[in-house]
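Quick one: the structure is below, questions incoming.
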Amino acid sequence: MIDTRELKTRYDEIKKNIENRFMNVDLDKIVADQEKRAALMQETEALRAKRNENAQKMKGKLDPDTRKALIEEGKAIKDELSKVEAEYNEIDKLFAEEARTIPNYTHPDAPIGKEDKDSLAVKFYGEPTKFPFKAKDHVQIGEDLDILDFDNGAKVAGQKFYYIKNKGVILQMALERYAMDIVLKHGFTPFITPDIAKEEILNGIGFNPRGAESNIYTIEGTGTCLVGTAEITLGGYYSGEIIPKDKLPIKMTGLSHCFRREAGGAGQYSKGLYRVHQFSKLEMFIYCLPEESDKFHQEILSIEEEIFQGLELPYRIVDTATGDLGAPAYRKFDIEAWMPGRGDEGEYGEVTSTSNCTDYQARSLNIRYRDDDGKPKFVHMLNGTAVALSRAIVAILENYQNEDGSVTIPPALVPYCGFDRISK
RNA sequence: GGAGAGAUGUCCGAGUGGUCGAAGGAGCCGGACUCGAAAUCCGGUGUAGUGCUAUGCAUUACCGAGGGUUCGAAUCCCUCUCUCUCCGCCA
């Protein structure tokens with residue numbers, strides 16, 4: 001969440017930001033509730049001070065009458081306090097919920113716009129792959145080669161689940177290791193994280209585990225959820241902690257399964273592996289000093305480029321429009337790889353995403369560092385995809401397909417695969 | 001899964017319902033001593049709020065988390081989380 005003390009001092013900026021993000025947040029009501037809360041807080045604290053004073057008076061030996069009078073006074077204070085406290089708790093809870101709906105501030109250079117198409121393509125790498133034959137999509141390629149099986153995935157687990165088989169398995173493992181090696185070269189500490197996290201962590205990262213539009217699977221009666229990304233488990237790792245300044249930046253990379261409900265996510269553009277309920281992903285995560293987060297955001301993006309350039313896949317980088325930013329993100333860059341089987345003649349499809357969430361998540365999760373003046377301050381937190389295995393496989397199968405139905409393995413992956421082609 | 005023990009500040013650790021934001025130690029910061037250092041001695045040293053006559057003063061909350069009992073809770077009761085020990089089961 002943002003710093004609610006800034007609701008008044010940066011009111012116009014916050015209001016404008018909500019408009020730019022096309023969000024439905026009633027800022028004036030939140031400010032009014034904040035004032036109500038402050039008034040009730042003062043009242044509560046004054047009563048508590050009276051209660052404490054009354055209790056102090058009763059420490060020593062007292063004659064029975066004085067003692068009785070003090071107890072009566074204490075009881076009266078207690079009754080009044082419990083009423084005021086109840087009112088305060090109600091408004092406090094409401095205000096906290098409302099404050100959480102306010103999005104993060106936005107980087108001044110982020111393109112302003114409502115939708116996906118308002119996002120700005122800031123870089124193109126390589127030429128979209130062309131074939132002298134009619135290109136197939138990855139579903140057809142994968143099923144023909146018997147490396148992907150959607151039918152049995154649906155039978156056993158349901159719609160949008162799949163099996164990976166045969167050399168497809170080796171391809172996925174090769175990709176994992178290939179990406180891991182590149183990320184490690186840049187000084188990240190590797191993790192395999194839990195695939196489950198507590199709701200409070202989800203909330204702190206900015207995911208809403210509840211509600212009809214939630215993309216999160218919750219596990220009935222446990223207070224926990226299946227993670228949609230290792231961003232959650234890596235970001236929760238230091239929750240509640242004060243990190244010594246000299247430990248920063250902390251760079252982590254985590255492999256996890258990712259589970260997403262994707263309610264209403266069917267259709268042409270999300271077929272096959274592109275949008276599924278479960279996939280594996282290697283995620284990068286950085287905790288750093290506030291003044292360094294823009295720099296590290298660029299570093300994550302450049303590592304993502306290194307991974308996709310190494311695979312020799314054409315892609316573009318998109319600077320995400322304000323209306324498409326998640327609430328925690330201050331700025332977000334996506335890499336969209338060329339996917340020849342997407343749409344009629346191929347299209348770019350998202351394969352990575354990196355966000356600078358500044359101190360928005362750190363404030364909710366209470367993650368701080370001790371500054372030179374001895375005061376704890378909130379760290380900045382950034383995340384980025386190293387490789388989302390399912391989507392990377394879409395891009396590889398479609399770009400490296402051959403007319404005979406076989407798929408050439410990208411040269412960078414051959415040492416990891418132990419073969420250079422998948423054919424029938 | 002069963003039985004038991006525990007969770008206190010940066011760390012270790014004491015704590016009989018009121019004199020406890022919390023003994024004692026370590027660490028850290030400042031000072032004295034020293035040519036300098038070590039040792040020693042003296043002083044200081046949590047976090048998050050709120051109010052105001054604002055580099056300060058006052059006040060509230062925080063002893064794993066959340067409830068409860070009480071005039072008053074680190075201390076008593078309940079629930080939960082986590083850690084440790086033993087048993088069972090198991091890749």
Side-chain angles (χ1 to χ4, degrees), chain A residues 1-9 30-100 192-204 209 218-225 232-233 236-248 250 257 359-379:
Chain A
M1 59 190 284
I2 64 163
D3 183 350
T4 53
R5 282 174 302 190
E6 293 177 345
L7 279 177
K8 288 196 185 95
T9 56
I30 298 175
V31 171
D33 286 341
Q34 185 183 36
E35 277 166 13
K36 274 189 221 165
R37 176 181 173 277
L40 278 166
M41 179 195 273
Q42 280 174 44
E43 211 177 317
T44 304
E45 291 190 353
L47 278 170
R48 282 179 183 162
K50 256 171 88 177
R51 177 198 63 193
N52 291 347
E53 198 185 331
N54 173 267
Q56 285 293 312
K57 285 184 198 158
M58 259 183 280
K59 276 180 191 166
K61 279 189 178 169
L62 297 169
D63 70 79
D65 286 349
T66 313
R67 188 174 177 82
K68 199 172 173 219
L70 284 173
I71 289 178
E72 286 309 313
E73 189 195 327
K75 282 185 175 171
I77 295 169
K78 186 180 170 180
D79 286 346
E80 201 184 345
L81 181 60
S82 66
K83 272 184 225 150
V84 178
E85 267 181 339
E87 280 180 64
Y88 170 75
N89 287 340
E90 194 181 330
I91 193 79
D92 183 55
K93 195 176 157 209
L94 177 67
F95 174 69
E97 277 168 22
E98 289 173 334
R100 269 223 317 266
I192 293 175
T193 84
D195 290 333
I196 286 175
K198 295 180 182 173
E199 281 188 24
E200 67 204 60
I201 301 292
L202 277 279
N203 277 319
T218 59
I219 305 172
E220 184 82 32
T222 63
T224 60
C225 307
I232 293 163
T233 43
Y237 194 84
Y238 285 100
S239 64
E241 296 193 24
I242 298 175
I243 301 169
K245 189 179 178 180
D246 59 18
K247 286 249 179 82
L248 295 174
I250 294 172
H257 293 110
D359 61 1
Y360 192 87
Q361 297 170 325
R363 187 170 288 103
S364 302
L365 291 168
N366 199 23
I367 304 178
R368 295 171 293 172
Y369 69 96
R370 198 170 292 282
D371 206 354
D372 296 332
D373 60 9
K375 298 277 180 201
K377 293 181 183 156
F378 291 114
V379 298

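Chain identifiers are assigned alphabetically (A, B, ...) following the order of the sequence lines, protein sequences preceding nucleic acid strands; residue numbering begins at 1 within each chain.
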Whole angstrom value for the distance that separates P of B:rC11 from CD of A:E241: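 Spelled out: CD on A:E241 to P on B:rC11 is 10 Å.
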P spacing across the pair B:rC76 / B:rA54, given as an integer number of angstrom: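 About 45 Å, rounded to a whole number of Å.
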Any A:Y238 side-chain heavy atom under 4.5 Å of A:I243 side chain: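 Result yes, sub-4.5 Å side-chain heavy-atom pair found.
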Main-chain N/O of A:N54 paired to A:E73 side chain as donor or acceptor, under 3.5 Å: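 No; judged by distance alone, with no hydrogens or angles, the pair does not exist.
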Residue whose nearest RNA chain B nucleotide is more 5′ - A:A49 or A:E73: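 Its nearest nucleotide being more 5', the pick is A:A49.
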Side-chain heavy-atom pair A:I201, A:S239 within 4.5 angstrom cut-off: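 Yes, their side chains come closer than 4.5 Å.
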Euclidean distance, atom CG of residue A:L47 to atom P of B:rA61 [Å, nearest integer]: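 A:L47 atom CG is separated from B:rA61 atom P by 12 Å.
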Are any protein N/O atoms closer than 3.5 Å to N/O atoms in nucleotides 47-54 of chain B? If there are, list each pair with its distance.
from: B:rU47; atom 1: O3'; to: A:R368; atom 2: NH1; distance (Å): 3.2
from: B:rA48; atom 1: OP1; to: A:R368; atom 2: NH1; distance (Å): 3.2
from: B:rG49; atom 1: N2; to: A:E45; atom 2: OE1; distance (Å): 2.7
from: B:rG49; atom 1: N2; to: A:E45; atom 2: OE2; distance (Å): 3.2

Separation of atom CD in A:E85 from atom P in B:rG68, rounded to whole Å: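 Rounded to the whole Å, the gap is 9 Å.
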Side chain to side chain, A:E98 and A:D33, heavy atoms closer than 4.5 Å: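 Touching, per the 4.5 Å side-chain cut-off.
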Contact under 4.0 Å: A:R51 side-chain N or O vs B:rU59 OP1/OP2: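 Negative; the distance criterion is not met.
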P spacing across the pair B:rC89 / B:rG67, given as an integer number of angstrom: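 Those two atoms are separated by 41 Å.
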Inter-nucleotide P distance (B:rG18, B:rU75), Å rounded: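 My reading of the P atoms in B:rG18 and B:rU75 gives 11 Å.
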Spacing of A:N89 atom CG relative to B:rG66 atom P, expressed in whole Å: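 Going from A:N89 (CG) to B:rG66 (P), I get 12 Å.
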Residues in ring pair (Phe, Tyr, Trp, His ring centres under 6.0 Å) contact with A:F95, at least two apart in sequence or another chain: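 Per chain and number, A:F95 pairs via ring pair (Phe, Tyr, Trp, His ring centres under 6.0 Å) with no residue.
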Sugar-phosphate, base or nothing in reach of A:K57, heavy atoms under 4.0 Å: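 Nothing: the residue A:K57, judged by heavy atoms under 4.0 Å, touches no strand.
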Donor-acceptor pair, side chain of A:T44 and main chain of A:E85, under 3.5 angstrom: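 A pair under 3.5 Å: no.
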Span that lies between the P atom of B:rA26 and that of B:rC41, in whole angstrom: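 About 9 Å, rounded to a whole number of Å.
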Atom-pair distance (CG on A:N52; C1' on B:rU60), nearest Å: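 Those two atoms, CG and C1', are 8 Å apart.
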Reported CD-to-NZ distance for the pair A:E241 and A:K247, which is rounded to 0.5 angstrom: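 Result: 9.0 Å between the selected atoms.
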P gap between B:rG66 and B:rA73, integer Å: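 B:rG66 and B:rA73 have their P atoms separated by 15 Å.
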RNA chain B: 5'-proximal contact among A:L70 and A:K198 (nearest heavy atom):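 Residue closer to the 5' terminus by nearest nucleotide: A:L70.
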Atom pair distance, as rounded to whole Å: CZ in A:R48 and C1' in B:rA58: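 These atoms are roughly 17 Å apart.
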Side-chain heavy-atom pair A:M58, A:I71 within 4.5 angstrom cut-off: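 Yes; the side chains approach each other to less than 4.5 Å.
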Nearest-Å distance once atom C1' is located in both B:rG72 and B:rC33: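 Taking atom C1' in both B:rG72 and B:rC33, they lie 49 Å apart.
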Pairwise P distance, B:rU10 and B:rG4 [rounded to whole Å]: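 To the nearest whole Å, 33 Å.
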Gap between atoms CZ and C1', on A:R67 and B:rG18 respectively (whole Å):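 Atom-to-atom, A:R67 to B:rG18, this comes out as 9 Å.
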Gap between atoms CD and P, on A:Q56 and B:rG21 respectively (whole Å):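 Taking atom P of B:rG21 as the reference, CD of A:Q56 is at 7 Å.
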Intra- and interstrand pairs of RNA chain B - dot-bracket, Watson-Crick/G-U under 3.5 Å, | marks other strand: ((((((((.[[[..)..(.....]]]((((((.......))))))(((((((...))))))).[[[[[..)....]]]]])))))))....
Minimum side-chain heavy-atom gap A:D3-A:R363 below 4.5 Å: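 Yes. Closest side-chain heavy atoms under 4.5 Å.
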A:T224 side chain reached by A:E199 side chain, heavy atoms, under 4.5 Å: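 The answer is no, as the side chains (C-beta and beyond) never meet within the 4.5 Å cut-off.
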Sugar-phosphate, base or nothing in reach of A:K78, heavy atoms under 4.0 Å: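 Counting heavy atoms under 4.0 Å across all strands, the contact made by A:K78 includes a base.
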B:rU34 versus B:rA38 - spacing of their P atoms, nearest Å: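 About 15 Å, rounded to a whole number of Å.
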Side chain to side chain, A:Y360 and A:I2, heavy atoms closer than 4.5 Å: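 Heavy-atom side-chain distance check passes, below 4.5 Å.
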